[in-house]
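Heavy-atom basis, side chains included; hydrogens, waters and symmetry copies ignored. Given the structure is predicted, the values throughout are model-derived calculations rather than measurements.
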Amino acid sequence: QVQLQESGPGLVKPSQTLSLTCTVSGGSITTNYYYWSWIRQPPGKGLEWMGAIAYSGSTYYSPSLKSRTSISRDTSKNQFTLQLSSVTPEDTAVYYCATRGCSGYGCYDVPSEYDYWGQGTQVTVSS
């Protein structure tokens, strides 16, 4: 059973960079055909897929966030990391890391199709 755990600061100031890490156990982030994503849910809104890093190391981003988002990984630690720059209060949300195995173009960008999720971490952007 794959388990994911988010970690990072719960409070970030406007204009700063939000950094979160997802630590994975029970499976490897290099397992073929698995995609490792960051998904967020602002208060009162639905789930928003932000981006993913594939088993191969390739990255994919939501067009609306691409200019501010970077996802990387550390295979030696079995972790992947989100960086979101120039944050505003609109970036306040619960942030989740999640994974699914799939093949086919664009199979990674639908939150409801993810199989395994972290518990989520609240991030508030405020001065």
Side-chain angles (χ1 to χ4, degrees):
Q1 180 86 0
V2 177
Q3 294 184 319
L4 302 94
Q5 178 66 59
E6 306 90 351
S7 59
L11 180 65
V12 182
K13 294 185 177 181
S15 81
Q16 292 188 338
T17 295
L18 179 163
S19 294
L20 296 174
T21 296
C22 184
T23 301
V24 179
S25 60
S28 171
I29 63 173
T30 61
T31 300
N32 281 348
Y33 304 114
Y34 270 76
Y35 293 83
W36 306 85
S37 282
W38 288 97
I39 297 165
R40 68 181 182 179
Q41 186 167 30
K45 298 184 179 180
L47 294 169
E48 177 184 25
W49 177 78
M50 301 180 68
I53 187 163
Y55 56 98
S56 61
S58 296
T59 52
Y60 307 89
Y61 299 108
S62 168
S64 64
L65 296 170
K66 185 175 182 179
S67 64
R68 299 194 293 130
T69 307
S70 178
I71 298 175
S72 59
R73 68 180 185 177
D74 185 335
T75 56
S76 68
K77 296 181 180 179
N78 217 32
Q79 295 176 331
F80 62 106
T81 300
L82 169 72
Q83 290 195 309
L84 182 66
S85 62
S86 305
V87 297
T88 72
E90 285 67 41
D91 293 309
T92 294
V94 177
Y95 285 75
Y96 298 93
C97 55
T99 188
R100 69 170 302 204
C102 64
S103 60
Y105 181 78
C107 72
Y108 40 76
D109 61 2
V110 179
S112 61
E113 295 181 352
Y114 274 75
D115 301 308
Y116 301 99
W117 294 72
Q119 64 183 22
T121 186
Q122 173 70 47
V123 178
T124 300
V125 179
S126 175
S127 56

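One distance of note links CD of Q79 with CD1 of I29; it measures 8.5 Å at 0.5 Å rounding. The distance from the OH atom of Y34 to the OG atom of S103 is 11.5 Å, given to the nearest 0.5 Å. In this structure, I53 CD1 and C97 SG are separated by 13.0 Å, a value rounded to the nearest 0.5 Å. Residue T81 holds its OG1 atom at 7.0 Å from CH2 of W38, rounded to the nearest 0.5 Å. Taking OH of Y60 as the start and CD1 of I71 as the end, the distance is 11.5 Å to the nearest 0.5 Å. Within the model, atoms CZ of F80 and OG1 of T59 stand 13.0 Å from one another, a figure rounded to the nearest 0.5 Å.
For the residue pair G46 and P42, the shortest heavy atom distance occurs at O-CD, 3.7 Å.
Counting side-chain heavy-atom gaps under 4.5 Å among Ile, Leu, Val, Met, Phe, Trp and Tyr, L11 is found in no cluster with other residues.
Pairs engaging residues 24-91 under the disulfide bond (SG atoms under 2.5 Å apart) rule: none recorded [sequence neighbours left out].
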Please report, to 0.1 Å, the donor-acceptor pairs under 3.5 Å made by any side chain of residues 108-116, with sequence neighbours excluded.
unit_1: E113; atom_1: OE1; unit_2: R100; atom_2: NH1; d: 2.8
unit_1: Y114; atom_1: OH; unit_2: S37; atom_2: OG; d: 2.5
unit_1: Y114; atom_1: OH; unit_2: Y108; atom_2: O; d: 2.5

Under 3.5 Å, sequence neighbours excluded: what are the donor-acceptor pairs made by side chains of residues 12-22?
unit_1: Q16; atom_1: OE1; unit_2: K13; atom_2: N; d: 3.4
unit_1: S19; atom_1: OG; unit_2: Q83; atom_2: NE2; d: 3.4

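Tracing side-chain contacts under 4.5 Å through hydrophobic residues (I, L, V, M, F, W, Y), one never reaches L4 starting from V94; they form parts of separate clusters. Y61 and I39 fall into different hydrophobic clusters, defined by Ile, Leu, Val, Met, Phe, Trp and Tyr side-chain heavy atoms under 4.5 Å apart, directly or through other members.
Residues satisfying the side chain to side chain contact (heavy atoms under 4.5 Å, CB included) criterion with T30, sequence neighbours excluded, are S28, R73, T75. In terms of the ring pair (Phe, Tyr, Trp, His ring centres under 6.0 Å) criterion, residue partners of Y96 (sequence neighbours excluded) are, by chain and number, W117.
With hydrogens and angles disregarded, no donor-acceptor distance shorter than 3.5 Å links the side chain of T124 to the backbone of T92. Put simply, the side chain of E6 gets close to the backbone of G120: a donor and an acceptor are under 3.5 Å apart. No donor-acceptor pair under 3.5 Å is formed between the side chain of N32 and the backbone N or O of Y55. Counting only distance, with no hydrogens or angles, the side chain of S58 and the backbone of A54 share no donor-acceptor pair below 3.5 Å.
When each of L84, V123, L47 is checked for a side-chain contact (heavy atoms from CB on, under 4.5 Å) with R40, only L84 meets the rule.
Proximity of S85 to R68: side-chain heavy atoms (C-beta onward) are separated by under 4.5 Å at one or more points.
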